[in-house]
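Note sheet for the following structure.
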Amino acid sequence: MYRKTQQPRPEPLTRRDKRGLALVGAAIVAGLVGLGIWAAVHPGGYGQSRNGCVTVSAASSTGGALLHACGARAVAMCQAAFTHQDKLSLLTRPQCRLAGLRPVPAPSPSTTQAGG
């Protein structure tokens, strides 16, 4: 009796089919290995603080936050970090130094009195 759910028996794979599947599998594995190596060597634009850009990893309510700023925003972020003593500021300071952004020296008393 014929049933609609009966499937025809699959044909066994030939040597050529097996070789083709092996090549496709090897290509996929090689691609994933290459992607892994690239990700390890090239962390991306947010990977490190440098050249006037600051990247800080900080704890947040969702587990973690990545703070990133370049240019004037990075300068403002670093000035705030060097003037405050909170935990985020303490985490930001080393990243500012890596980016080449140092604290602004306080004006000396002689320069403030010279104007008046």
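Just so it is clear, the model here is predicted, and its values are computed rather than measured.
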To check you understand the geometry: which heavy-atom pair defines the closest contact between [X] and [Y], and what is its length?
X   : Y    : result
V54 : C78  : CG2-SG, 3.7 Å
D86 : S89  : OD1-OG, 2.6 Å
A74 : A69  : CB-O, 3.5 Å
G52 : L101 : O-CD1, 4.4 Å
L90 : R93  : CD2-NH1, 3.5 Å
R97 : F82  : NH2-CE2, 3.5 Å

Practice task
Just jot down the side-chain contact (heavy atoms from CB on, under 4.5 Å) partners of T14, sequence neighbours excluded, or say none.
Solution key: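 In terms of side-chain contact (heavy atoms from CB on, under 4.5 Å), with neighbours along the sequence ignored, T14 is linked to R16, D17.
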Exercise for the section: List in chain and number order the residues that pass side-chain contact (heavy atoms from CB on, under 4.5 Å) with N51, two or more places apart in sequence or in another chain; answer none if no residue qualifies. Expected result: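 Testing N51 for side-chain contact (heavy atoms from CB on, under 4.5 Å), a comparison that skips the adjacent residues, returns none.
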How many angstroms lie between [atom1] in [X] and [atom2] in [Y], if you round to the nearest 0.5 Å?
X   : Y   : atom1 : atom2 : answer
C70 : M77 : SG    : CE    : 10.0 Å
H68 : R73 : NE2   : CZ    : 8.5 Å
C53 : L98 : SG    : CG    : 12.5 Å

Handout entry: Side chain proximity check, L67 to T92, heavy atoms < 4.5 angstrom
Key =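 They are not in contact (no side-chain heavy atoms under 4.5 Å apart), so the answer is no.
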Exercise for the section: Examine L66 and L88 and state if one hydrophobic cluster contains both, with Ile, Leu, Val, Met, Phe, Trp and Tyr joined whenever side-chain heavy atoms are less than 4.5 Å apart. Expected result: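 Cluster IDs for L66 and L88 differ.
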Practice task
State yes or no: do L21 and V29 share one hydrophobic cluster built from I, L, V, M, F, W and Y residues joined by side-chain heavy-atom distances below 4.5 Å, directly or via other members?
Solution key: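 As far as the 4.5 Å side-chain criterion goes, V29 and L21 are not connected within one cluster.
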